Amino acid sequence: MPEKKINIEYIARVEGESTLDVHISKNEITDLKLKVWEPPRFFEGFLVGRKYDEISDMVMRICGICPVSHSTTAIRALENAMQITPSAQTKKLRRLLSYSQVMSSDILHIYMLAAPDFLGYESVLAMVPKHLDLVKKAIKMKMVANELTEIVGGRAANPVTPKINGFYQVPSKERLNSVKKHLEAMQQDTVDTLKVVASLPIPEFERKTEYVCIRNPEEYTINEGRLVSTEGLDILEEEYRNHIIENQISYSNAKQCRIKGRGDFMVGALARVNNNYDLLSDKAKEAAEENHLKFPVYNPFANTAAQALEVIHLTTRCTEIIDEIDPKPEDTTVNVKAGEGHALTEAPRGLLYHGYKLNEKGIVEKAEITTPTTHNVLSMEQDLYKMIPEIMDLPEGKLALQCEELIRAYDPCFSCSVHTIKANVKKD
Amino acid sequence: MAEKKKLGIFKLTSCAGCQMRLLYYQHRELEALTAYDITYFKMGKRDNLENIKVDVALIEGCVTNSEQIDELKRIRENSTILATLGGCATRSSLWGLKNNKPEKEIEEKAYKDLSTIHSIKAIPVNDVVKVDYLLPGCPVGEDEMTEFLQSALVGRRPFIKPHSVCVECKMKGNLCILVAKKEPCMGPVTAAGCGALCPTNGRPCYNCRGPMIAANAPALAKEFKKNGLSDEEIYLKFTAFSGLSKVYEEVTDRA
Amino acid sequence: MSVRNNAYVPEMATIEKIERETNDVNTYTLTFKDKAKQKDYSFAGGQFNMLSIFGFGEAPISISSDPQDRNEIQHTVRKVGGVTEALFNLKEGEVLGMRGPYGRGWPLKEAKGKNILVVAGGIGLAPLRPVITQVIKNREEYDRFELLYGARTPGDMLFTDEFDHWQKVKNFRLLFSVDAVPKDQRWDHNVGVVTTLFDQMSSTPSRTIVMTCGPEIMMKFALKALLARGFNSSQIFLSLERRMECGLKKCGHCQIGEKYVCSDGPVFPWAEIKDIPEIVGWK
Amino acid sequence: MPKIMDEKELQSLLGLLIKEYRFIGPVRKDLETGFGEIKSLKELVKDYTNTIEPPKYLFLTPQETLFSYEMKKEEITITKTEEQGHAALGDRPSLWSEGIAVEPLQGKAIQQVIFGVRPCDVHGIRMMDKVFKEDFDDTYYQSKRNKTIIFSVTCTSVSDYCFCQSWGTGPSLKDGFDLLLTDLGDRYLIETGSKEGNEIIGKMRLRDATPMELKQKAAVIKATEAKFTRKLNIKDIQQIMISQPEHPTWKDKADRCLSCGNCTSVCPTCYCFDVQEKGDYNPSNMERYRLWDSCQLLEYSQVALGGNFRRERISRLKQFMMHKLSFSYPQYGDFHCVGCGRCIKWCPTSIDLTEVAKDLRGE
């Protein structure tokens, strides 16, 4: 048996920088390392000493793809620390903001990052000559989602309106209605997207890991809820730290997470759909059935289909929320208090945790951030351990490609996963 | 049809938000991306050509380890026009906060074994290689990115606004919240290009674009103080996104 | 509103000829595409045109050709900025935009029957070439003519191929100086800044009109030296450089004191500007 | 002949104007009042002293295309020269065009009305008209200006910043308007200053003002005049402003100056602009446009090779104040200051040109 070495020097079309090293000897994996070498940025370090009202703007810069998630999570954690309960209007606007970002990020991942894999292209740009219509459709949908983020958040990338206890400025009903029209117009496109995604050939692979996300019985949620899993986890967000543990690993700048007493787990769109399928809109369920999708699914490659499915749901849901609100300026005064607060939200890539400790002046004394990809890294490695033996016979190049595709299916965000390097690192 | 110009997009230490601005948040991305022959763009494509000559190189992120210095020098050698893409590359932005304290102090806090750590101070790109154009913004402004990409197509020098956010704010007819509400707006010392985004959205500018060239930081700091901000709060305002810029050093220098 | 009546819209002009003067200076010979426009066009030495390099922008460039030659217009241009760089990439036969002429030129009328002293530095000789051409063509109308010309190096001197011709003109005196002589270049004249030529010059304040153009720092020193030698403020004329966006007294950039350099200048008698606060320090 | 109208008649006049013209008037902008396009009478603000921005933005738009062109080989075609206004930041999609959006005025028949222009601003417009007419017509400015009716309102309130009285550019107005409204308390005096103004009022059946009512107007003005707290001594101001360029007050103010450009942006008589070229992803389509510029900005006086004639902040500050209170007079026969006080009010560090003038005078 020949010795095989898979070295994917960098995993393309994902956010951030990572390397996969697999060493196979006599049909056995002797070494497998997913190295995230996105340079550390010491976020948790330099947030200490900053003021509470700066945190949301700063943590947004953890990730260029899900700034809304970091902002919302930080704001909610800080509100929890200062015992602030935002208004119903604020909660709804935050939902719009979060949903819009999940939608656009999902669309981005489906079309620009994952679709080229399934259609056999090296990039979305390479798809342009033959699939111009598809690319244009994707761009149109993404534009609508971005437009919604921009209207509520002031800017699609790194929004500026969210603040603790509300918004600096609320969008006018008029502008919300204008984007609502666009949302309605793209509904068919979202259904078509699922059709395209469901028809793409994905590798047959299954590994029954634990799927973790938040759940709110009232609504397919992205923000606010209990932490649940397909294996029966069901806890409050402030209990997160008691159940999810992080380990520093020697070969990577990202940490690895596991559930206390159990093991690796997967977060992200697939986890959300696996746990919350019942909460999806009728339209989304209908589309799932039409495309013969049944959840829960234990194939990580199905993450893309889960993304497409949730886009159908969220598009409808956003139009409903717009109908429910007529935003008015509100008092968003913050009474600064010392305290500790935690929050969990669903970033597009999955579970995101922020925790802060504030002193009486509102200065951060301790900050903790765990990102979706940090949650997922271990599961990726476990998937690879299971998948590689199943496809061992493939030539090296194809084997490497499928490994890369598996990682990409997670929609990972390696820059995210690195900011969380902790102050005290233990080397093996 | 002449051959398309070659464009390489490279990433150092950053959040990738500026690359996303190209791929994702832009209004005319298809036009922008197909106007060039993109030879290197790890976040956007699989086939990337290392070490080839490009007409235009865009650098996202700042340098935080020594390998990046070598990489950057290689890119510079291989490119005709080199521009920074966003605040990190332009002035190390948020990551500059790491430079705030002695290097060793921070690293010792983070790692027990320093032998494997190659992290150095956060250095903006133009402190390492010659940069033709600096495109600020966190993320890079769509207007200036578009202006740059369009001008580089023909070899025109891009018009990157060097003045303060106030100019754009006034062009929009906004109420000045610094004057009218005494809110600590960083607009007067911040580089324009965002269309006075924050004041337009009812909040004071928080300097995410970094300093404008002719900024008078002490004068604004004095005004903040008059409006009731503490020295500590003023320090935080001027340090958040400017990587301890020299332009602000009269306010931020605590030595 | 027709394009013709819109003062911001340039006329199309063709580059007929490009001549290399120095490493970074070329002379461009232009004609309007519209033949009627070319026929009607007249200018005075010292005036400038706004040249548009399409795709790049517009810049004010002084005219360096003979005002009496109605068939073509020349601009001698140094490659210094975005627009001039783009101009250097154009080839003969290509099209650019031109509008003008703008501003006040050299006082050739006042100089009639008098002596002329020209003090020029570097590219500053370009707007003064029309003066030289005019004096040569109408030699009998003027008295003694003296040119003090300085450049960084011998290789940076403009119009050197015309020097021989100028030397031969009656009552013409040319004095040259360079700041430095590189090893591989030959130089038989003075070395030093242009003002060091003042000791060799024969011009006196009596019945003399002085015209000077060059870097501002050079003009400052020339002015000091001239005033010290007894020249008075109404016989010294300077051509000023300022940023211009329109050439039409609208964009505001070229103002110094109450003057618009684009319209009241670029040529000013020293008497007119000497009290402007921003200029006072020159004395 | 001045006419008299009651509240109802005024409302119906304004209602008519809103219907028939693009109607710009004072609207609420957060804590202050600014100009905005008005679609219904409800939006109109009455109790304001002056607007945040001067009305100049309607004629000298913050950013506007001068012309577009197409480049094909040797052929360059100017494709569009029509004077038009753009949203403040160019051709951004709808999301960006909040703030001052200036729509093109199309066709000759369509006109706009600016209501509520204060007398100082009418003088500002008069001065700008001169600047953009001198030597040749700036078609971009004039085309918008010529299609505009100025509906001015005599001031009855005075802010801490106002000093128009010192120049005689307010609180009342003698000419420069199409229509002028004076609030007499229980009724309005309306005067016309142009053929267009006459035509509008001619449609209404209004009675002539009585001599008593004209006296009442004078009394209103007198009462307003008594309210001024800020004054600028304009005697010999042209010489005084330039007499002491080394006076310590300059340095004192320059140390505070942020070089932010707010003073020139809000000045009703500041007209400087920058010209830039803009491309497209199809490089043969180009556009030349202009946008507001300010002498307070470092790049304003920059020339090739990095030369800069006003590198020092103090020299830029002097340029602004000296131009307003001295240089402009020999240039245009007007001091380009109307006493609106905006440059003082909106200066983040409260730099005050009336104070500088006082210091230079040694008062």
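What you see is a predicted model, and the numbers here were worked out from it, not measured in a lab.
Taking C169(B), C176(B), P162(B) one by one and counting their heavy-atom pairs under 4.5 Å with chain D, the maximum is reached by P162(B). Interface summary for chain B: among E299(D), R256(D), E32(D), the most heavy-atom pairs under 4.5 angstrom belong to E299(D). For the options V266(D), I52(D), N282(D), heavy-atom pairs under 4.5 Å to chain B are most numerous at I52(D). By number of non-hydrogen pairs under 4.5 angstrom with chain B, the leading residue of C257(D), G34(D), C347(D), S350(D) is C257(D). Chain B forms the most heavy-atom pairs under 4.5 Å with one residue out of P283(D), S294(D), G36(D), P348(D), and that residue is P348(D). Here T349(D) is the residue among T349(D), D293(D), T51(D) with the most heavy-atom pairs under 4.5 Å with chain B. Ranked by non-hydrogen atom pairs under 4.5 Å with chain D, the options K222(B), R156(B), K182(B), K226(B) are led by R156(B).
Ion pair R313(D)/D255(D) not flagged as a salt bridge, since none of the NZ, NE, NH1 or NH2 atoms sits closer than 4.0 Å to an Asp/Glu carboxylate oxygen. Using a 4.0 Å cut-off between charged side-chain N and carboxylate O, R21(B) and E142(B) make a salt bridge. A salt bridge links E144(B) with R209(B): the closest approach of a Lys/Arg side-chain nitrogen to an acidic carboxylate oxygen falls below 4.0 angstrom. Salt-bridge formation is detected for the pair E355(D)/K253(D): a Lys NZ or Arg NE/NH1/NH2 atom is positioned less than 4.0 Å from an Asp or Glu carboxylate oxygen.
Classification of the F132(D)-Y271(D) ring pair by plane angle, with boundaries at 30° and 60°, yields perpendicular.
Q296(D) and T264(D) share no donor-acceptor pair across their side chains, judged by distance under 3.5 Å alone.
Contact annotation for A215(B): only backbone heavy atoms (N, CA, C, O) come within less than 4.5 Å of a heavy atom of chain D. Using a 4.5 Å cut-off between heavy atoms, T146(B) contacts chain D through both its backbone and its side chain. Only the side chain of L297(D) comes within less than 4.5 Å of a heavy atom in chain B; its backbone stays farther off. Both the backbone and the side chain of A214(B) come within contact range of chain D, with heavy atoms under 4.5 Å apart. Residue contact with chain D, scored on non-hydrogen atoms closer than 4.5 Å, involves the side chain of L178(B) exclusively. At a 4.5 Å heavy-atom cutoff, the contact between E147(B) and chain D is made by side-chain atoms alone. For V154(B), the part sitting under 4.5 Å from any heavy atom of chain D is the side chain, from C-beta outward, and nothing else.
Side chain of D132(B) to backbone of A83(B): no donor-acceptor contact under 3.5 angstrom is found.
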Legend entry - Evaluation steps, salt bridge (charged side-chain N to carboxylate O under 4.0 Å, His left out), between K225(B) and D231(B): CA-CA 7 Å; K225(B) 197 155 189 183; D231(B) 287 341; 3.0 Å; yes
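The two residues L353(D) and C343(D) make their nearest non-hydrogen contact at CD2-SG, 3.7 Å.
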